[in-house]
Protein chains: 2
Amino acid sequence: MKVTLNRSIFMQELQTVQRAIPGKSTMPILTGVKMELTPEGMYLTGSDADVSIETFLSKENEKAQMQIEQTGSIVLQARFFGEIIRRLPENEVTIEVLEANQVSITSGKANFIVNGLSASEYPQLPEVNSQSPLRLSVPLFNQLISETVFAVSQQENRPILTGVHFILENDQLLAVATDSHRLSQRIIPLESQGQQFDIVIPGKSLVELSRALSENEEFVEIAIMDNQVLFTTATMKFYSRLLEGNYPDTRRLIPTNFETSIEFSVPQFLQAVERASLLSNEGRYNIVRLSITEAGVVLYGRSPEIGKVEEKLNYEKVEGEPIEISFNPDYMRQALRAFGDTNIVIHFISAVRPFTLEPTEGNGGFIQLITPVRTN
Amino acid sequence: MKVTLNRSIFMQELQTVQRAIPGKSTMPILTGVKMELTPEGMYLTGSDADVSIETFLSKENEKAQMQIEQTGSIVLQARFFGEIIRRLPENEVTIEVLEANQVSITSGKANFIVNGLSASEYPQLPEVNSQSPLRLSVPLFNQLISETVFAVSQQENRPILTGVHFILENDQLLAVATDSHRLSQRIIPLESQGQQFDIVIPGKSLVELSRALSENEEFVEIAIMDNQVLFTTATMKFYSRLLEGNYPDTRRLIPTNFETSIEFSVPQFLQAVERASLLSNEGRYNIVRLSITEAGVVLYGRSPEIGKVEEKLNYEKVEGEPIEISFNPDYMRQALRAFGDTNIVIHFISAVRPFTLEPTEGNGGFIQLITPVRTN
C-alpha cells in the first residue's frame, strides 16, 4: 500500500473513525485504525466492538489530492498515528507499507517509521442487510437523540435501561428513555414507510453517533438486522450493537388527568432551579421544593450545613389546586435543558405522583415525566 | 454590615481573591473569603497561608454603585458564595449580616440565607514594612516570571529549588530557576534604586501572581520583610511567604567557552522537537538525539515499541565541530516556548556537558541551560 494525500482532509477522516476507537482494549488491535486502499479510494475503520465507524475517502474528492501508487491495507495504533499526522510539517503526507507491517509516514523532511499490524487480523464488521432502510433528516434525528438520551440509566443493574427504546410502527417513530425516576419521550410522525421495528440502542452509541453526524450529511439511513443497527450517510457507516431484552412498557406510565398546572418560561424557571440547587446539591439529600399557593409560587432550596434559598417565581399561568412538591433538581435541570428556549406547562396530580412537562406549543409529540421525592 | 452593589464588579473582586483561597484546608476558615466594609469601601481577603490576596473596592468607584448602609465584617465560604453571586438574577446584590453570623444575600426575588463565620477568627495578614519598595512595570515583571518559573523543581526533596531566586544588587535584578537538570536566568537592568535583596519566592506563588496581575495595573511595587514579600498594585495586595535556605550559586554553572554553535528559528525547531518527542515520550527513556555533521543537521526520536522518526532540520547557521548530543525533549520544548517567536543560538561544549540557549538578538540578559542525557 502506498498513497500520497492531503493531510488535513485525511486528518478529518481519522478524527471521525477515532470516535469509535478505545484508548485501551482487551483486543489490542481495536486500539488501531484500519486503512484499506482500493483503486477507488481509502476506507478507514475504527471499532470498540460495540460501535464501529467506517468512512470512505474517494479518489474523486479533489480536495484529497489522492495519488494511489499501490493498493493494500494496514492497521496502525490510532492515537499515535493521529498525533503524527497532526504534527507533520507539510500539507501533504505519503503513507507506505514496507515489509513486515512497518509503515513509513513522510511529509517534507520528516520521516516516521512505525510498527503496524496486519489488516487481516482486524475483526470483520457485522453484516447488515436491510431491503428498505428508514430515511431521516439528520437535524431531526439529532434532536430526537438529544431530547431522550440524557434520561437513560447510568446504572448497570438494569442494562436495558441504559439504552433508548425506538419503536417504528403505524407511520410514526417513538423514542423513549427512562431510568425509572424520570422519563423522556418523543414521537415523530413519518410519511408512510411500511416498515416496523422495536429496538433498544445503547445511549453511549447514540451520543457518539450524534457527534459524528453533526458535521455530516443531510440524511441518515437506518437499517436493522439481528443485534445490530447501521446508520449510513453519504460518507460514513456507523454500526452499533443493540441491547437485548424487553424494554418496560412505558406508555401506561404517562398520566392523562391532573389537578394543578403551571406554565413557565423555560430559561427563567431553569435559572431559578439552578439557584435553588446550589445549596440543595450540598446536603445529604438533593431536593428542591416548589410551592404553588394562592399567595404565590415559591421555590425553596436548603442545606442544613450551608443555609437556604427561597425565590418567588415568575410564571405565565397557573390553574387548579394548591400543591407542594419536592423533586431532584438535577432531573429538573436536564429536563428543562432538553426543551430549550420555549414555554412549558407542568401538570401535577399530587405530591407523590409523577408530574409531566410538555412544551406549551406542543402537540403531544414531546413529553417528560419526573417522579417527585417524598419528604415525610 | 449591609451593602448594596453592582454584582459583576463585585464578582471580579471575588475572583481575584479566590485565586488564593484553597478548596480544602486544615484551617477551615481559610476556605472562606473575608469581607470588611468600611466607610470608604470594601476589603476582600483570601489566603491559603502561603499566599494571601487583599483587594479594595472603593466607594468612589462609580461602576460599583456601592451603597453602604452599615459597616462591619464577615467570612463566607468562598466557593458557594462565588457560585451564588454568579447565578443571581439581577445586576444588583444586597449583602446583609443578620444575627449569629447569618448572612442574607438578595437580588431581585431571590433570597439566600447562609451561615458565615466571624471575621475576628480570620488570621491576620503579615505586616510588611518597606521604606522604599522596588517598582517594576507589570508586563516586564510578568515576562520575568514566565521566562524562569517553568524551570523550578517540581520535587519536594530540595524545597529551595521549588522557588525562583531573585537577586537585586548593582542596579540590576537577576531571576534564576533550576531543577538541577536545566536552568533559566534573566537579568533586567534597573535605573538606580539603591536597595538590594536576595530572596527565593515559591514558583506556585509567582504563577498565581502572574495570573492575578495580568488584567491589572501598569506597575507593581515589591516590598520585602523577614519571610514575606508583598506585591502591591493600585487595587490589590498580594502576599507570599519566602522560601528559607540557601539557594545554590548558579552563576558559576553557566559555561562561557564552546566548541559548536547552531542558530535556529525557534518555531521551526520547536515543531521538529515536538515531532521527535511523539515517539520518545512513549518509551522507557525520554530522549531525542541531535546530530550536527558536515552531511547535515538531523533530529532523531525512537521508541522500541512504536517506531522511530528522523528529520533533517532547517537551520540558520552552524559553526564549529561536529557533535551528537541527546537531551530530554520536554526540557527543550519548555525552553523553546519561553523564547517565543525569535531566533536562538545553542552553544555546545561536548555530548556530556550542559549546553546553553540564548536569543540571537540578546545581550546576555536571557540564558537557558540544559544538561544532556548520556546515552552510553
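When reading the values below, keep in mind they use all heavy atoms of this one structure, side chains included, and skip hydrogens, waters and symmetry mates. Below, chain A is the first sequence line, B the second, and so on; all start at residue 1.
Contact check on A/Arg86 versus B/Glu274 returns no salt bridge, with no Lys/Arg side-chain nitrogen under 4.0 Å from an Asp/Glu carboxylate oxygen. Checked for salt-bridge contact, B/Glu324 and B/Arg289 meet the test: a charged N lies under 4.0 Å from a carboxylate O.
Here A/Arg275 is the residue among A/Arg275, A/Glu310, A/Gln268, A/Glu311 with the most heavy-atom pairs under 4.5 Å with chain B. When the candidates A/Val114, A/Asn111, A/Leu299 are compared by the number of heavy-atom contacts under 4.5 Å with chain B, A/Asn111 comes out ahead.
Using bins of under 30°, 30° to 60° and over 60° for the plane-to-plane angle, the ring pair A/Phe264/A/Phe269 lands in the parallel bin.
No more than 12 heavy atoms of other residues, nucleotides or ligands sit less than 6.0 Å from atom NZ of B/Lys312.
Neither the backbone nor the side chain of B/Gln77 comes within contact range of chain A; no heavy atoms are under 4.5 Å apart.
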